Engineer: 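Structure incoming, see below.
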Amino acid sequence: MSTDAPTKPLSPGPDHPRWIESLRDGTQVGIRPVTKLDAAAERAFIEGLSPEARRFRFLGQLGNPTSALIKQFTDIDYDHEMAFAAVIPDGDHEKFIGVSRYSAASDGSSCECAVTVLDAWHHKGLGSALMKHLIDVAKSRGILYMYSMDAAANNDMAELAKYLGFTHSGDPADPTQVLHGLWL
């Protein structure tokens, strides 16, 4: 991971730093905030997820994403939400290969997070890089606790959560789900 992670609260909006990360295989990718202009890239990203990745990300099957979902994922309220995209060049545009995001509780003390990476980019350190930037921003904004609800069968997420220091507990109401939590 690059060492130029933010050390002070970031201003609201998409004018945050852009990082270049070198993955385990030496590939360099950009990480930047998601903006309203990214609807097509977000749609292509979700549609490019394998059925298993979609099931793990959305905790169920998702067909084609609706316009409302794409708007929700790209029209970010930077005061209470953050979303980062890992991007690579794709002609004159950028292609999303991974996304991390959080949405803060109304009191700002905790947030729910998610990270998703295209299958071809698994096991290269991309999920870790995305989450480390997300964690840094959450800390800088005074969020105290970050959590995610995940499918119990999602072994990659369990490994990533453990690596990042998240705790792991079963969901007593649903044995097919687990809670990963991190005190910031």
Side-chain angles (χ1 to χ4, degrees), residues 1-7 10 14 16-35 37-59 62 65 70 73-74 76 81-103 111-140 146-168 178-182 184:
M1 180 172 155
S2 63
T3 58
D4 60 348
T7 57
L10 298 172
H16 302 269
R18 179 184 177 112
W19 301 277
I20 301 298
E21 295 288 343
S22 292
L23 303 182
R24 289 186 195 127
D25 66 358
T27 303
Q28 291 197 327
V29 302
I31 296 181
R32 63 164 180 81
V34 173
T35 73
L37 302 176
D38 291 321
E42 181 76 36
R43 180 176 295 283
F45 174 71
I46 293 171
E47 290 174 349
L49 294 172
S50 68
E52 180 180 63
R54 279 191 196 195
R55 183 172 48 85
F56 285 159
R57 169 58 183 95
F58 298 103
L59 295 177
L62 172 76
I70 297 301
F73 282 175
T74 58
I76 307 297
E81 302 172 305
M82 179 49 65
F84 289 122
V87 297
I88 57 171
D90 186 27
D92 293 337
H93 304 284
E94 292 178 324
K95 176 181 178 178
F96 283 17
I97 57 172
V99 175
S100 64
R101 62 181 65 247
Y102 76 69
S103 180
C111 67
E112 184 172 6
C113 67
V115 62
T116 308
V117 173
L118 292 176
D119 288 2
W121 293 87
H122 282 199
H123 306 290
K124 296 182 180 197
L126 183 57
S128 298
L130 282 162
M131 283 301 297
K132 285 178 180 179
H133 287 293
L134 198 69
I135 290 167
D136 286 344
V137 170
K139 282 181 184 178
S140 75
M146 179 178 273
Y147 67 94
S148 68
M149 290 298 300
D150 298 295
N154 190 343
N155 294 325
D156 287 342
M157 185 61 205
E159 285 179 28
L160 176 61
K162 183 178 180 180
Y163 171 75
L164 294 170
F166 282 71
T167 60
H168 169 101
V178 295
L179 174 71
H180 294 111
L182 179 68
L184 304 176

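On a predicted model such as this, the values are computed, not experimentally measured, just so you know.
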Engineer: Do Val87 and Val29 pass the side-chain contact (heavy atoms from CB on, under 4.5 Å) test, and can you show the C-alpha distance, the side-chain angles, and the key distance before you say yes or no?
Structural biologist: CA-CA 6 Å; Val87 297; Val29 302; over 6 Å; no
Engineer: Listed by chain and number, what are the side chain to side chain contact (heavy atoms under 4.5 Å, CB included) partners of Ala86, not counting sequence neighbours?
Structural biologist: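 Once residues adjacent in sequence are excluded, the partners of Ala86 under the side chain to side chain contact (heavy atoms under 4.5 Å, CB included) criterion are Ile31, Ile97, Leu126, Leu130.
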Engineer: Applying side chain to side chain contact (heavy atoms under 4.5 Å, CB included), name anything that partners Ser50, two or more places apart in sequence or on another chain.
Structural biologist: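 By the side chain to side chain contact (heavy atoms under 4.5 Å, CB included) rule, Ser50 matches Glu52, Ala53, Asp119.
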Engineer: Among all residues two or more places apart in sequence or in another chain, which pass the salt bridge (charged side-chain N to carboxylate O under 4.0 Å, His left out) test with Arg101?
Structural biologist: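 Only Glu42 meet the salt bridge (charged side-chain N to carboxylate O under 4.0 Å, His left out) criterion with Arg101.
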Engineer: Kindly write out the residues that satisfy side chain to side chain donor-acceptor pair (under 3.5 Å) with Ser103, not counting sequence neighbours, or none if the list is empty.
Structural biologist: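 Checked Ser103 against side chain to side chain donor-acceptor pair (under 3.5 Å); zero matches.
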Engineer: Looking at residues at least two apart in the chain, or sitting in another chain, which of them share a side chain to side chain contact (heavy atoms under 4.5 Å, CB included) with Ala151?
Structural biologist: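 So Ala151 forms a side chain to side chain contact (heavy atoms under 4.5 Å, CB included) with Phe56, Leu59, Asn154.
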Engineer: Not counting sequence neighbours, which residues clear ring pair (Phe, Tyr, Trp, His ring centres under 6.0 Å) with His168? List them please.
Structural biologist: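 In terms of ring pair (Phe, Tyr, Trp, His ring centres under 6.0 Å), with neighbours along the sequence ignored, His168 is linked to His180.
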Engineer: Tell me, please, which residues at least two apart from Asp90 pass side chain to side chain contact (heavy atoms under 4.5 Å, CB included).
Structural biologist: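 Scan of Asp90 (side chain to side chain contact (heavy atoms under 4.5 Å, CB included), adjacent residues dropped) gives Lys95.
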Engineer: With sequence neighbours excluded, tell me which residues meet side chain to side chain donor-acceptor pair (under 3.5 Å) with Asp25.
Structural biologist: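 Asp25: side chain to side chain donor-acceptor pair (under 3.5 Å) contacts with Thr27, Lys124.
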Engineer: Tell me, which pairs form a salt bridge (charged side-chain N to carboxylate O under 4.0 Å, His left out) where one or both residues lie in residues 152-168, sequence neighbours left out?
Structural biologist: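 Checked against salt bridge (charged side-chain N to carboxylate O under 4.0 Å, His left out) - neighbours excluded - no pair reaches residues 152-168.
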Engineer: Please collect all salt bridge (charged side-chain N to carboxylate O under 4.0 Å, His left out) contacts where either partner lies in residues 26-35, sequence neighbours excluded, each pair once.
Structural biologist: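 Salt bridge (charged side-chain N to carboxylate O under 4.0 Å, His left out) check on residues 26-35 returns Arg32-Asp38, Arg32-Glu94.
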Engineer: Holding to salt bridge (charged side-chain N to carboxylate O under 4.0 Å, His left out), I want the full list of residues that pass it with Asp92, two or more places apart in sequence or in another chain.
Structural biologist: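 Listed in chain order: nothing, the list is empty.
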Engineer: Could you list the residues that satisfy salt bridge (charged side-chain N to carboxylate O under 4.0 Å, His left out) with Asp150, not counting sequence neighbours?
Structural biologist: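 Asp150 satisfies salt bridge (charged side-chain N to carboxylate O under 4.0 Å, His left out) with no other residue.
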